[in-house]
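Written out below as structure tokens is the structure these notes cover.
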Amino acid sequence: MRIATWNVNSVNARLPTVLAWLEAAAPDVVCFQEIKTIDEKFPREAFERLGYNVETHGQKTYNGVAILSKFPLSDIRRGLPGAEGAGPDGADDDQARYIEALIEAPVPVRVGAIYLPNGNPVGTGKFPYKLAWFDRLNAHARDLLALEEPFVLCGDYNVIPEAVDAKNPADWVGDALFQPESRAAFKALKWLGLSEAGELGEQPPGTYTFWDYQAGAWQRNNGIRIDFHLLSPQAADRFRGVETHRDARDMDKPSDHVPVVIELDMEEVAAPSASLRAA
DNA sequence: ATGCCATGCTCCGCATGA
């Protein structure tokens, strides 16, 4: 089973680009972030024609996430627990940044699509909102881990975990994506017992997933790695590989992010993982 | 220190992004 994550930066502005990639890559499951539309204006028929079931959690203008799957979807959750009073202004959090579904494959896999708050500028309410959202995500991940099932939390985490994840790390000092608090929260999430696909797959340094539209960032390969799959132990046992689709940044009307795809072995009884075989 | 680009809406300027 191949599971993709992609921040598309407006699904309607990007539809031909997104469909072209989907037809070529043909993942079984796709998590979109920044669809930038309400559910009623999500182009679901275009994806259904490609054989996908579609669940969305949209919002006008900003944010918005979706899960597409060639297998049936059930047990849909829209939004993280704990929205009460958790908005950036102290009101309830109504930003559409999380959707979760159970993928009803022969071996079921739960998948969560994440669009973590950017948090800039540091020094405004946006940064504590980011950290509070991270705390809610980590609490939810702890609850999911207690189920002892295969699950994958993937998406745009808006965190540069290590200096190696940026071409020019000095440019990001002071940015919310590279703040010690942001990096510590991401590390704390992993320390709950999740595995990051780029580490399982030993992706080479310089594998980035975002390049700014401005200042020739793509042409200079001035990128950052901020889109991740985090796997529960039961999913990590089935991990077979990860691919970053860098070529998508060269398509017509590209998103500023590229898709990242993992492959899981979905045999009813998983074989030992590659790392265990090597040991 | 700022704009560099791109999106959607209030729509010809603004907010947001990373």
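Computed over heavy atoms, backbone and side chain alike; hydrogens, waters and symmetry mates excluded.
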Inset, instruction - Would you mind listing every salt bridge (charged side-chain N to carboxylate O under 4.0 Å, His left out) that reaches into residues 206-215 of chain A, with sequence neighbours excluded? - result: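 Listed by first then second residue: nothing to list.
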Inset, instruction - Using the salt bridge (charged side-chain N to carboxylate O under 4.0 Å, His left out) rule, collect all pairs that involve residues 74-87 of chain A, keeping only residues at least two apart or in two chains. - result: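 Pairs touching residues 74-87 of chain A that pass the test: A:Glu55-A:Arg78, A:Asp75-A:Arg110.
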Legend entry - Residues forming a ring pair (Phe, Tyr, Trp, His ring centres under 6.0 Å) with A:Trp211, sequence neighbours excluded: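 Residues passing ring pair (Phe, Tyr, Trp, His ring centres under 6.0 Å) with A:Trp211: A:Trp218.
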Legend entry - Lys/Arg N to Asp/Glu carboxylate O, A:Asp256 vs A:Arg249, below 4.0 Å: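 Judged by the 4.0 Å cut-off on N to carboxylate O distance, A:Asp256 and A:Arg249 do not form a salt bridge.
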Inset, instruction - Look at all strands and tell whether A:Tyr115 reaches a base, only sugar-phosphate, or nothing, counting heavy atoms closer than 4.0 Å. - result: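 A:Tyr115: backbone/sugar contact only, no base atoms under 4.0 Å.
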Inset, instruction - For A:Asp227, report the nucleic acid contact type (base, sugar-phosphate, nothing); a contact means any heavy atom under 4.0 Å. - result: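 Since no nucleic acid heavy atom lies under 4.0 Å of A:Asp227, the category is nothing.
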Legend entry - Secondary structure string for DNA chain B (Watson-Crick or G-U under 3.5 angstrom, | for other-strand pairs): ....(((((...))))).
Legend entry - Those residues of residues 129-137 of chain A lying under 4.0 Å from DNA chain B by at least one heavy atom: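 Close to the strand, none.
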Inset, instruction - Tell me which residues in residues 158-166 of chain A put a heavy atom below 4.0 Å from DNA chain B, sorted by number, or none. - result: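 Here the set is A:Asn158.
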Name each donor-acceptor pair under 3.5 Å that joins a side chain in residues 186-202 of chain A to protein atoms two or more places apart or in another chain, with its distance.
| residue | atom | partner | partner atom | Å |
| --- | --- | --- | --- | --- |
| A:Lys190 | NZ | A:Glu199 | OE1 | 3.4 |
| A:Lys190 | NZ | A:Glu199 | OE2 | 2.9 |
| A:Glu196 | OE1 | A:Arg225 | NH1 | 3.4 |
| A:Glu196 | OE1 | A:Arg225 | NH2 | 3.1 |
| A:Glu196 | OE2 | A:Gly198 | N | 2.6 |
| A:Glu196 | OE2 | A:Arg225 | NH1 | 3.2 |

Please table the atom pairs, donor to acceptor, closer than 3.5 Å between any side-chain atom in residues 16-32 of chain A and protein atoms at least two apart or in another chain.
| residue | atom | partner | partner atom | Å |
| --- | --- | --- | --- | --- |
| A:Thr17 | OG1 | A:Asp252 | O | 2.8 |
| A:Thr17 | OG1 | A:Lys253 | O | 3.3 |
| A:Trp21 | NE1 | A:His245 | ND1 | 3.0 |
| A:Asp28 | OD2 | A:Arg2 | N | 2.7 |

Show each protein N/O and nucleotides 1-3 of chain B N/O combination with a separation under 3.5 Å, one pair to a line.
none

Inset, instruction - Kindly state each residue pair satisfying ring-ring contact (aromatic ring centres under 6.0 Å, His included) with at least one member in residues 55-103 of chain A, sequence neighbours excluded. - result: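 Those involving residues 55-103 of chain A are A:Tyr98-A:His140.
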Legend entry - Residues forming a side chain to side chain donor-acceptor pair (under 3.5 Å) with A:Ser74, sequence neighbours excluded: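 Testing A:Ser74 for side chain to side chain donor-acceptor pair (under 3.5 Å), a comparison that skips the adjacent residues, returns A:Glu104.
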Legend entry - Per-nucleotide protein contact string for nucleotides 9-14 of chain B, where B marks a base within reach and S marks sugar-phosphate only (heavy atoms under 4.0 Å, - for neither): SS----
